[in-house]
There are 4 protein chains.
Amino acid sequence: MKSQRSNSRNEALLRAAAELFASQGFNATSMRDIAKAVGMLPGSIYYHFPSKDDLLLAIYEAGVEQITTTFEAAIDSEDPWQRLQAGTSALIRAVSEESAYTRVIFKVTPDEVPRYRLELITLRDAFEAKFKVLVDDLPLQPWVDKHLLRLMILGAGNHAQLWFSPRGGRSADEIGEQFCRFVKEAAST
Amino acid sequence: MKSQRSNSRNEALLRAAAELFASQGFNATSMRDIAKAVGMLPGSIYYHFPSKDDLLLAIYEAGVEQITTTFEAAIDSEDPWQRLQAGTSALIRAVSEESAYTRVIFKVTPDEVPRYRLELITLRDAFEAKFKVLVDDLPLQPWVDKHLLRLMILGAGNHAQLWFSPRGGRSADEIGEQFCRFVKEAAST
Amino acid sequence: MKSQRSNSRNEALLRAAAELFASQGFNATSMRDIAKAVGMLPGSIYYHFPSKDDLLLAIYEAGVEQITTTFEAAIDSEDPWQRLQAGTSALIRAVSEESAYTRVIFKVTPDEVPRYRLELITLRDAFEAKFKVLVDDLPLQPWVDKHLLRLMILGAGNHAQLWFSPRGGRSADEIGEQFCRFVKEAAST
Amino acid sequence: MKSQRSNSRNEALLRAAAELFASQGFNATSMRDIAKAVGMLPGSIYYHFPSKDDLLLAIYEAGVEQITTTFEAAIDSEDPWQRLQAGTSALIRAVSEESAYTRVIFKVTPDEVPRYRLELITLRDAFEAKFKVLVDDLPLQPWVDKHLLRLMILGAGNHAQLWFSPRGGRSADEIGEQFCRFVKEAAST
DNA sequence: AATGAATGAGATTTCATTCAT
DNA sequence: TATGAATGAAATCTCATTCAT
């Protein structure tokens with residue numbers, strides 16, 4: 001986070017920007033769009049955030065914090081397989097429904113914002129590391145490459161942003177269950 | 001395809017644009033960039049293609065054709081599990097190494113180009129439909145939702161564009177094998 | 001009217017644009033020309049007006065309002081022949097000397113601006129309809145086609161933009177008088 | 001006329017350009033449009049005419065020649081009033097129906113083509129001078145300003161390009177008759 | 001805290017024209 | 001005669017950003 005001052009308008013600004021970034025993408029959203037959504041003029045945004053890039057960075061931070069909290073709360077089981085499934089379902093919810101903050105993380109890729117590319121990657125990684133623990137805790141047969149397994153689940157979950165629909169089709173829980181079942185049935189010791 | 005004329009420079013143009021779109025993204029690449037890469041002035045591009053959007057459309061078309069060919073050639077086995085694995089490996093190669101044309105398909109999303117959004121989606125779908133056949137041919141236990149399975153594999157493969165490296169780490173074949181092994185061991189009848 | 005914000009610079013912009021459109025034509029005037037005339041950069045104009053076309057639309061609106069006011073004030077006589085003559089003279093002044101706003105209406109034709117073609121035609125018609133009343137009020141012999149008469153006068157007046165000169169030659173009043181005299185002497189009952 | 005070589009394609013070129021200039025205007029017509037209409041490529045036009053401006057100049061020349069011929073043929077009566085009426089009707093036909101060459105003269109104004117502005121004005125004047133003779137021959141009462149009378153008729157006729165329709169409404173002959181009747185009834189000695 | 005006005009850099013696109021072949 | 005390819009200048013417009021008030 002680079003600079004921020006008040007708090008009341010600040011949140012409204014972030015929320016509006018997140019909503020727009022998540023639905024239209026970063027480039028397709030102009031400062032004018034954001035300003036209009038929150039009822040101020042473009043120039044006024046700069047009192048709160050020094051640049052458009054910083055807006056995104058702040059959203060990423062808030063998003064990672066949020067998804068981490070949600071994620072931690074979800075994986076409260078003792079059983080590592082239950083935990084994996086709960087985490088996967090949480091990921092699917094995060095990329096689709098739920099708060100715009102989390103959706104932004106999966107919609108806007110770090111290299112759309114060269115200036116903060118590394119910071120954004122670091123933030124993303126902070127979340128993805130949670131999955132590392134989940135996978136490491138699994139009792140798996142020796143042929144499994146845990147690194148690849150983690151990437152497979154992350155990729156599958158990430159992709160859900162393109163097709164998951166909260167109503168109609170399966171629930172996030174059902175999808176998480178299905179994804180993990182392949183792994184469990186195949187590779188559990 | 002909207003309009004195209006010669007062939008020599010045309011291909012050079014497409015190749016250069018594809019390379020840039022694949023590495024920097026569509027929005028971050030200007031017509032100036034493309035022109036410079038191919039050694040002409042920005043305005044000259046318009047002799048060959050009527051707009052930047054059409055350039056992308058042509059690349060998508062070439063990319064889908066290419067990946068389809070590669071894909072078809074790869075899945076030549078009799079065994080459906082072999083076929084799935086070969087297809088998955090081909091997907092991973094397509095999103096990472098190989099020609100820029102195919103990489104563009106997975107890097108540039110249809111809603112970055114509203115004018116051709118539907119055409120691009122249709123082209124993408126044309127490729128993804130190939131996977132439907134692969135999955136449908138598998139002898140699977142009844143608990144498997146083939147639709148979700150297809151999306152899982154596509155998502156996992158797609159995601160490889162972010163982390164796959166041709167040298168260092170595992171090969172595309174190894175990764176495809178690993179991904180499919182979960183499914184086969186878990187759900188083969 | 002599509003969009004407008006302040007008022008001080010706004011008017012200066014309209015005035016400058018009107019002057020240029022009236023003297024050089026719409027196509028021959030660039031946004032750069034207008035910007036230079038008013039002392040800002042081309043891009044800055046877009047803070048005040050969303051496009052060049054909208055600039056013209058606003059000028060047309062102001063012009064029609066202005067000419068209507070002038071026109072109404074001119075035709076204050078009781079005698080219908082006096083009124084016709086006053087109206088004709090007012091038209092001649094409008095197409096030649098006087099404010100640039102009104103000159104634009106007769107210099108720039110609606111189909112130079114396809115996007116607002118219909119709006120411009122409607123605005124023009126709003127003024128030309130005033131003439132209809134003038135002609136309808138005349139006591140004319142039955143052989144007169146009032147519709148054609150109106151068009152004849154409008155055409156003659158319109159054409160004055162090409163040759164009328166405020167100094168040297170006859171005044172607008174004299175010309176209006178001469179034009180109308182033909183009609184009155186020939187067709188008055 | 002600046003330069004011209006062959007003759008077969010030349011005429012097709014002029015005809016196509018005239019049609020486009022007359023219907024869309026000079027600025028709104030591109031060399032590409034013209035080339036397409038005649039089945040060649042833009043660059044090929046330059047074998048026949050050195051520039052777009054020269055194309056217009058040639059059309060103007062052809063148009064003036066044509067209208068002059070038509071006009072002379074029309075005013076074959078002995079009676080000066082008959083001659084005026086025939087000339088006026090010919091003008092109305094020229095600005096509306098009939099050949100595109102003549103329509104261009106009344107649609108495209110000289111200052112749309114600064115380079116040949118004077119030449120175009122001269123050509124126009126060459127035609128308008130014909131009207132001078134017509135008017136000068138009329139037996140008119142002393143209050144008539146022949147110069148203004150000529151401009152009035154030219155203006156009224158010119159304006160017909162905006163509203164005259166060959167089918168529906170009155171014929172060019174009827175309109176010419178009506179216009180001239182005012183003058184004759186009012187000012188004939 | 002916010003506004004109104006403007007900047008300045010750059011984007012895509014258009015188009016008359018040129019010229020080797 | 002004509003083509004294919006390209007030029008180069010200019011046009012309209014967008015947008016993140018600045019800054020005095």
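None of these values were measured; they are calculated from a predicted model. Keep in mind that the numbers below use all heavy atoms, side chains included, and drop hydrogens, waters and symmetry copies.
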*Figure out the CG/C1' separation between C:N10 and E:dA5, and round it to whole Å.*
11 Å
_Spacing between D:K52 atom NZ and E:dC15 atom C1', to the nearest angstrom_ = 8 Å
_Runs of at least three Watson-Crick or G-U pairs with DNA chain F, cut-off 3.5 Å_ = E:2-21 with F:2-21
_Test log, rule side-chain contact (heavy atoms from CB on, under 4.5 Å), inputs C:E112 and C:R117_ = CA-CA 8 Å; C:E112 289 183 68; C:R117 192 172 163 274; over 6 Å; no
*Taking only the side-chain nitrogens and oxygens of B:R32, find out if one of them lies under 4.0 Å from OP1 or OP2 of E:dG10.*
no
*Say whether, by atom type as modelled, one donor and one acceptor occur between the side chain of B:S44 and the main chain of B:M40 under 3.5 angstrom.*
no
*Quickly work out the D:M31 CE to E:dT17 P distance and round it to whole Å.*
6 Å
*Using atom CZ of C:F26 as one end and atom P of F:dA11 as the other, report the distance to the nearest whole Å.*
13 Å
*Closer to the 5' end of DNA chain E via nearest nucleotide, is it A:M40 or D:S51?*
A:M40
*E:dA1 phosphate, OP1 or OP2: any side-chain N/O from A:R9 under 4.0 angstrom?*
no
_Distance check, P atoms only: E:dA1 and F:dT21, in whole angstrom units._
22 Å
_B:Y46 OH to E:dC15 P, straight-line distance once rounded to whole Å_ = 13 Å
*Give C:S44 one of three labels, base, sugar-phosphate or nothing, depending on what nucleic acid heavy atoms sit under 4.0 Å from its own.*
base
*Got a donor-acceptor contact below 3.5 angstrom from the B:S23 side chain to the B:E19 backbone?*
yes
*Could you check A:D125 against A:T122 for side-chain hydrogen bond (donor to acceptor under 3.5 Å, both in side chains), going step by step and ending with a plain yes or no?*
CA-CA 5 Å; A:D125 288 350; A:T122 304; 5.8 Å; no
*Whole-Å distance separating the CD atom of D:E112 from the P atom of E:dA16*: 14 Å
*Take B:G43 and C:D53, find for each the nucleotide of DNA chain F with the closest heavy atom, and name the residue whose nucleotide sits nearer the 5' end.*
B:G43
*Between C:D54 (CG) and F:dT14 (P), how many Å, whole number?*
11 Å
*Can a side chain N or O of C:Y47 be found less than 4.0 Å away from OP1 or OP2 on E:dA5?*
yes
_Aromatic C:F26 / basic C:K52 pairing, under 6.0 angstrom, 45° off normal_ = yes
*Do A:S51 and A:R115 get their side chains close enough for a donor-acceptor pair, meaning under 3.5 Å?*
yes
*Take B:P42 and D:P42, find for each the nucleotide of DNA chain E with the closest heavy atom, and name the residue whose nucleotide sits nearer the 5' end.*
B:P42
*asked:* If I take atom CG in residue C:L41 and atom P in nucleotide E:dA6, what distance separates them, rounded to the nearest angstrom?
replied: 10 Å
*Short side-chain N/O contact to E:dA6 OP1/OP2 from C:H48, under 4.0 Å*: yes
_Steps toward side-chain hydrogen bond (donor to acceptor under 3.5 Å, both in side chains) verdict (B:Q66, B:S99)_ = CA-CA 9 Å; B:Q66 203 165 93; B:S99 106; 2.4 Å; yes
